[in-house]
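Chain letters run A, B, ... following the sequence lines, proteins first and then strands; every chain starts at 1.
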Number of protein chains: 2
Amino acid sequence: MNKGMTAKGRATRHRIIVAAAMLTREKGAAETTLDDVRAATATSKSQLFHYFPEGRADILAAVAEYEAGQVLEAQQPYLGDLSTWESWQGWRQAVLDHYTELGQKCPLGSLTAELGKSSPQARSIVTSLYDEWEAALVRGVKAVTSDEEEAVRRRARSILAAVQGGVVMLQGTGRTDYLDAALTAAISPLQPVTAGTA
Amino acid sequence: MNKGMTAKGRATRHRIIVAAAMLTREKGAAETTLDDVRAATATSKSQLFHYFPEGRADILAAVAEYEAGQVLEAQQPYLGDLSTWESWQGWRQAVLDHYTELGQKCPLGSLTAELGKSSPQARSIVTSLYDEWEAALVRGVKAVTSDEEEAVRRRARSILAAVQGGVVMLQGTGRTDYLDAALTAAISPLQPVTAGTA
DNA sequence: CCAGAGGTGGACCGAAGGGTCCAAAAAGGT
DNA sequence: ACCTTTTTGGACCCTTCGGTCCACCTCTGG
């Protein structure tokens, strides 16, 4: 894909993606126009179509891919090693902090809303993000419990859904209470039985 | 608001809302144009603006309000009386069935995405929906546990977030596994200690 | 130094879609 | 029957925005 593209070209392309990602977070995908991107990157229309032949949809897809990566990155290094209850707590806090900071701006929410329909590639980006995320959680759950495969998988999914739900509600209300409560409740069964809460 | 409006007028207005709601569910708010609504309701542009002076935004707001009501209605009669573990299970199944049936079509998702930004009224619709929903869950949790106020509230929020998360992931992947797992895990602490799972 | 590639600028186009307007047709009241 | 109010039809305007086109830079390598 980077064939026939100089360092300068790649830089421009990357600059477009990053700027478009920022705009998308700020105003949502629907309100982000090509002119906005153009203005934000000091580029011209022709460049946008030069680097993204399919136009707008192409850019948005690239942004989605970029953002999907950021989502997982924000959870590191915790997500990579959830082998102890302490690291789970660290992860929980990292997630909480990250989304608290983001606030209303949701990286993927508006993207999927805009691209999701009739765009199989967008769908696959989200799906593989979830898969990767779930896999990491599965490894972590497996490390701190002795449940069988299926139970572990279900637990991981419930944790993942808790994050998603908390984030969605944060988007809609601006309150972090839900994410906090959901996350805490979701991982609490992983807590070693020392001073456990029912 | 219904001042100076005949029965016929109210009927037309209502017809517009219902049709717009359906279109919104099918194609998302962003892709629903006034012409679509016009065609689906056999009305004219002037009527749209007659009944919704603010235009498109006005219609979308009305749809959001309408859909918010539908969300809670779909959970009845269970949501109204969550006083036993059995009714909690019934509710869980009702939610699962409802969203499985809806599948990809999310009533409020695209609405909030489109209206959420800079529309305080849309925000308040979502907020009060969540509040009402949470209140019902709080009553239910309180009925089956002996936890103190704050713990009850947190539990209710975690359950609510679990539903939201499961639904979001259903939207994105088409799979109900997440909602199932999240819902099960979220209410499992409410289960009476007879054959409890850790 | 001179091709020829990649990179850039910006004018231009056409469709889509939200919103306005006016006038005609029903409904309602007296 | 007659006047008023509501309801309806649809032509029209105008902005926005994605997308096209072509001419002009600016590198790089031989």
Side-chain angles (χ1 to χ4, degrees), chain A residues 1-20 23-24 26-64 110-111 113-115 117-119 122, chain B residues 1-20 23-24 26-64 110-111 113-115 117-119 122:
Chain A
M1 178 183 265
N2 289 343
K3 182 68 182 300
M5 203 183 283
T6 69
K8 191 178 184 185
R10 274 191 298 276
T12 301
R13 186 188 148 93
H14 186 253
R15 183 160 43 99
I16 292 173
I17 294 178
V18 174
L23 286 169
T24 296
E26 295 299 327
K27 332 194 305 171
E31 319 315 302
T32 301
T33 72
L34 294 187
D35 273 337
D36 289 335
V37 176
R38 199 182 47 65
T41 54
T43 54
S44 60
K45 266 291 184 56
S46 71
Q47 298 182 69
L48 262 38
F49 284 84
H50 180 75
Y51 294 110
F52 303 91
E54 308 284 292
R56 186 187 148 84
D58 216 342
I59 295 180
L60 257 33
V63 169
S110 51
L111 263 311
E114 171 113 351
L115 291 175
K117 50 190 161 274
S118 74
S119 172
Chain B
M1 177 185 265
N2 289 342
K3 182 68 181 304
M5 202 183 283
T6 70
K8 190 178 183 183
R10 275 191 298 277
T12 301
R13 186 188 148 92
H14 185 253
R15 184 158 43 99
I16 293 173
I17 294 177
V18 174
L23 286 169
T24 297
E26 294 304 324
K27 333 195 303 172
E31 319 314 304
T32 300
T33 72
L34 293 189
D35 274 337
D36 289 336
V37 177
R38 199 181 48 63
T41 53
T43 54
S44 62
K45 265 286 183 60
S46 72
Q47 298 182 68
L48 262 38
F49 283 84
H50 180 73
Y51 295 109
F52 304 92
E54 308 285 289
R56 186 187 147 85
D58 217 342
I59 295 179
L60 257 35
V63 169
S110 51
L111 263 313
E114 170 111 351
L115 289 176
K117 52 188 167 276
S118 75
S119 171

*To the nearest 0.5 angstrom, please state how far the CD1 atom of A:Ile16 sits from the CZ atom of A:Phe52.*
5.0 Å
*Interatomic distance, B:Arg56 CZ vs D:dT15 P [rounded to whole Å]*: 20 Å
*Answer yes or no: does a side-chain N or O of A:Thr6 lie under 4.0 Å from OP1 or OP2 of C:dG7?*
yes
*Would you kindly give the CG-to-C1' distance between B:Asp36 and C:dG19, to the nearest whole Å?*
16 Å
*Could you give the CD-to-C1' distance, from A:Gln47 to C:dG9, as a whole number of Å?*
8 Å
*If you look at every heavy atom in A:Arg10 and A:Met5, which pair is closest and at what distance?*
NH1-O, 2.9 Å
*Nearest-Å distance, CZ (A:Phe49) to P (C:dG10)?*
17 Å
*To the nearest Å, how far apart are A:His50 NE2 and D:dC25 P?*
18 Å
*Looking only at N and O atoms, is any donor in the side chain of B:Lys45 or the base of C:dG19 less than 3.5 Å from an acceptor on the other one?*
yes
*For B:Ala7 and for B:Gly55, find the nucleotide of DNA chain C with the closest heavy atom, then tell me which residue's nucleotide is more 5'.*
B:Gly55
*Which is true for A:Tyr51 with a 4.0 Å heavy-atom rule: it touches a base, it touches only sugar-phosphate, or it touches nothing?*
sugar-phosphate
*asked:* Taking any heavy-atom pair under 4.0 Å as a contact, classify A:Ser46: base, sugar-phosphate, or nothing.
replied: base
*Write down the distance between CE (A:Met5) and P (D:dT28), rounded to a whole number of angstrom.*
16 Å
*Can you measure from CG (B:Leu48) to CG (B:Asp35) and round to the nearest 0.5 angstrom?*
9.0 Å
*A:Thr43 side-chain N/O to C:dG9 phosphate OP1/OP2 under 4.0 Å*: no
_Shortest non-hydrogen contact between B:Lys45 and B:Arg38, atoms and distance_ = N-CD, 3.5 Å
*Whole-Å distance separating the NZ atom of B:Lys27 from the P atom of C:dA16*: 13 Å
_What's the separation between atom CG in A:Leu23 and atom OG1 in A:Thr32, rounded to the nearest 0.5 Å?_
5.5 Å
_Check this for me: does the side-chain of A:Lys8 come within 3.5 Å of the base of C:dG6 through a donor and an acceptor?_
no
*Nearest of C:dG19, D:dT8, C:dG10 to any side-chain atom of B:Ser44?*
D:dT8
*Specify the separation, in whole Å, of atom CD of A:Glu54 and atom C1' of D:dG19.*
12 Å
